[in-house]
Amino acid sequence: MARMKFLCDAERCIECNACVTACKNEHEVPWGVNRRRVVTLDDGVPGEKSISVACMHCSDAPCQAVCPVDCFYTTEDGVVLHDKDMCIGCGYCFYACPFGAPQYPQQGAFGSRGKMDKCTFCAGGPEPDNSAEELEKYGRNRLAEGKLPLCAEMCSTKALLAGDGDVVSDLFRNRVVRREGRPEVWGWNTAYKD
Amino acid sequence: MKYIFLLVSTVMLSACYEDAAVTIHEPGVYKGKVDIHALTAQEREVVLAKRFKQVQTDR
């Protein structure tokens, strides 16, 4: 069975932020929430590296472990999703996540914390595939349409890869061999321990 | 008038009915909505691997 993973090739990322914009547009992400961000290490220093970060859909997801209402589930493809009808917006998952993925829109007259929102690997949520409810709560379900996450599909330098872990790592391994570099799979040791 | 008032009261009070079927929480068990897919996991794997080769291979 496939095990979906993200991989960001820091050697190729040019910090264009197109993945961030594409994600926001595709899923009509609420104001103030970014499901994906581009982080630059040693910004302004020669040799700086940029990495596109979102939910990594961890194999043993810490968010899932700490959720007091158990609103998380992992699909057969290894995508970590959650049911927004169960989420109480407590914020535990935000503290547990090593990638800072969970986000909370402000709701109500006093700007209280709303239901948690995070990257869905473009797999929607537990609502019927591509229904109006799914689009409103979780965004588009591209996986149900036979497509992969838009952030990776439209990455101009192919720095961001998304797909089955074996296929993604094969491609990345070939790249590393070709450029005679060292494999630096940022975040993989944290997210995919098995 | 009295009967109408009683009828209206009964209808209004019955609208206060609350579903008594409570989902009991069990630690570590997801009890939310079930995510149903049109294709099986094996079929999805084939479709998505083909898509990856189409769209994300190196140029």
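Atoms considered below: every heavy atom in the structure, side chains included; atoms not considered: hydrogens, waters and symmetry mates. Reminder, nothing fancy here: chain letters follow the sequence lines and each chain counts from 1.
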In one Ile/Leu/Val/Met/Phe/Trp/Tyr side-chain cluster, 4.5 Å: A:I14, A:M154
no

Here the pair of heavy atoms bringing B:Q56 nearest to A:A162 is NE2-O, 2.8 Å

Could you give the distance from CD (B:Q54) to NZ (A:K147), rounded to the nearest 0.5 Å?
11.0 Å

Using the rule that Ile, Leu, Val, Met, Phe, Trp and Tyr join whenever any side-chain heavy atoms are under 4.5 Å apart, tell me whether A:Y138 and A:V29 fall into a single cluster.
no

On a heavy-atom basis, the closest approach of A:M86 and B:G32 is SD-CA, 3.2 Å

Just wondering, are more than 12 heavy atoms of other shown residues or ligands nearer than 6.0 Å to CZ in A:R182?
no

Has A:Q107 got more than 12 heavy atoms of other residues, nucleotides or ligands less than 6.0 Å from its CD?
yes

Heavy-atom proximity to chain B below 4.5 Å, by part of A:E134
neither

Transitively linked via ILVMFWY side-chain contacts under 4.5 Å: A:V79 with A:V53?
yes

What part of A:L160 lies closer than 4.5 angstrom to a heavy atom of chain B: side chain, backbone, both or neither?
backbone

With side-chain contact (heavy atoms from CB on, under 4.5 Å) as the test, would you mind laying out the steps for A:E133 and B:K33 before giving the verdict?
CA-CA 13 Å; A:E133 296 84 38; B:K33 289 191 211 86; over 6 Å; no

Which one of A:V69, A:D85, A:D77, A:V167 has the most heavy-atom pairs closer than 4.5 Å to chain B?
A:D77

Pick whichever of B:V29, B:T40, B:V34 has the most heavy-atom pairs under 4.5 Å with chain A.
B:V29

Give the minimum heavy-atom separation between B:Y30 and A:C71, together with the two atoms involved.
CE1-O, 3.4 Å

Any chain of hydrophobic side-chain contacts (each under 4.5 Å) joining A:L143 to A:L81?
yes

Which heavy atom of B:D58 sits nearest a heavy atom of A:K158, and at what distance?
OD1-CB, 4.4 Å

Work out which heavy atom in B:L48 is nearest to a heavy atom in A:L148; give both atom names and the distance.
O-CD1, 3.7 Å

Per-residue contact mode, A:M4 against chain B (heavy atom under 4.5 angstrom)
side chain

Side chain, backbone, both or neither of A:A144 within contact of chain B (heavy atoms, under 4.5 Å):
neither

Would you say that more than 12 heavy atoms from the other residues, nucleotides or ligands in this model lie under 6.0 Å from the CD of A:E48, or not?
yes

Closest heavy-atom contact between A:D129 and B:D35?
OD1-OD1, 4.2 Å

Has A:D60 got more than 12 heavy atoms of other residues, nucleotides or ligands less than 6.0 Å from its CG?
no

Using non-hydrogen atoms and a 4.5 Å limit, figure out which bit of A:P68 sits close to chain B: side chain, backbone, both or neither.
backbone

A:F121, A:Y73: one ILVMFWY side-chain cluster at the under-4.5 Å cut-off?
yes

Residues, nucleotides or ligands: over 12 heavy atoms within 6.0 Å of A:F94 CZ:
no

Using modelled atom types and a 3.5 Å cut-off, is there a donor and acceptor pairing between side-chain atoms of A:D70 and backbone atoms of B:G28?
yes

Those residues at least two apart in sequence (or on a different chain) that pass side chain to side chain contact (heavy atoms under 4.5 Å, CB included) with A:A96 are A:P62, A:V66

Can you say whether B:H37 sits under 4.5 Å from chain A via the side chain, the backbone, both, or neither, judging by heavy atoms?
both

d(B:R44 CZ, A:D164 CG) to nearest 0.5 Å is 12.0 Å

